[in-house]
Number of protein chains: 2
Amino acid sequence: MFLGRYAHNLDAKGRLAIPARFREALAEGVVLTRGIDRCLALYPMAAWRPLAEKVAALPLTDADARNFRRLVFAEAADLGLDAQGRILIPPDLRRYAGLEREALIVGVDTSIEIWSPERWQAVADSLDADGAEIAQRLATLI
Amino acid sequence: MFLGRYAHNLDAKGRLAIPARFREALAEGVVLTRGIDRCLALYPMAAWRPLAEKVAALPLTDADARNFRRLVFAEAADLGLDAQGRILIPPDLRRYAGLEREALIVGVDTSIEIWSPERWQAVADSLDADGAEIAQRLATLI
DNA sequence: CCACTTGTCCCCACTTTTCCCCACGGTTAT
DNA sequence: ATAACCGTGGGGAAAAGTGGGGACAAGTGG
């Protein structure tokens, strides 16, 4: 279970240190892919597999489903942690998330999100502004 | 499991280097054939066999099935990797996929697709110009 | 049946990228 | 206060992508 928000820096080679508390759960490999709202989503391999199976099960007869399938797997990268517990973020994904030097690593229970500070701030701002309303709407779901 | 998108070049002889990460799974030979939507599909031999059996089992009484059978097997090529991990793409297939110099090698879970950059771009555009839709639709599957 | 052309495969070489390893400073824990 | 750990940075070795030469085999035509 991943919790908390950590501010780390990408170095000149595009590497990002994963918080030490997360590393044990990621030792068997991770899959990094596009997340919602222009962040990156990092899944432990064990969490990725069932997701991949769902995507692979989509009907091949539908052109839209075929292309979706292609893009899901094509834009995903399976990575390993180096001896210092870092991942190397592919340039494509770095651009997608707008990552420069600073990055926020956010634990979201079963997966991990990686944000540029600016985009995270934008999300946090809207949460501040509409937080009460959102909470009220979601309260009915719990 | 094949993941990620790699940009490699065909050399003057029509050879294409397979990403090193994929090679281990392809060591026992591969089958290269026409893919859907004008790409090429590359299967590890182990994945090809059950696929071939399904196609072979199609009823011979149906004309479409007969033609499909011919297409699948006639255009398929069983290849090996050379000592540098490359495959030699037959001219017919190269023309089918519109491959010139650059090629994209795309991991699609159980198989690998080979695309000309232009056609791949069309696939990417078909979903969403900036790619954010992938993440959204993926999220709905969770 | 032989010579010639064509194509495939093996080998070597170069360049770039990737990965591994070590090292430093700062913080936290003992 | 000391030690251990963590985030950060960078150098260097190893591997990957690329290109081309040349041997061998296959197919073609005489």
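Atoms considered below: every heavy atom in the structure, side chains included; atoms not considered: hydrogens, waters and symmetry mates. All chains are named by letter (A, B, ...) in the order of the sequence lines, taking the proteins before the strands, and each is independently numbered beginning at 1.
- No side-chain donor-acceptor contact under 3.5 Å links A:R69 to the backbone of A:V55.
- Between the side chain of B:R23 and the backbone N or O of B:I18, at least one donor-acceptor pair lies under 3.5 Å.
- Distance, A:L10 CG to D:dG7 C1': 12 Å, rounded to whole Å.
- Across all strands, A:A83 comes closer than 4.0 Å to no nucleic acid atom at all (heavy-atom distances).
- Side chain of A:Y6 to main chain of A:G107: no donor-acceptor pair is present (N/O by atom type, distance under 3.5 Å, no hydrogens or angles).
- As a whole-Å value, the separation of A:D82 CG from C:dT17 P is 19 Å.
- Atom pair B:L26:CG and D:dA16:P shows a separation of 14 Å (rounding to whole Å applied).
- A sub-4.0 Å separation between OP1 or OP2 of D:dA15 and a side-chain N or O of B:R21 is absent.
- Distance NE2 (A:H8) to P (D:dG9): 12 Å, rounded to an integer number of Å.
- Residue A:R15 places none of its side-chain N or O atoms closer than 4.0 Å to OP1 or OP2 of C:dC20.
- At a cut-off of 3.5 angstrom, the base of C:dC10 holds no donor-acceptor pair with the side chain of B:Q84.
- When each of C:dC10, D:dG9, C:dT8 is scored by its nearest atom to the side-chain atoms of A:R101, the top-ranked nucleotide is D:dG9.
- Both B:I18 and A:Y6 lie close to DNA chain D; mapped to their nearest nucleotides by heavy-atom distance, the more 5′-ward contact belongs to A:Y6.
- Of the possible polar contacts, one joining the B:R119 side chain to the B:A97 backbone as a donor-acceptor pair under 3.5 Å is found.
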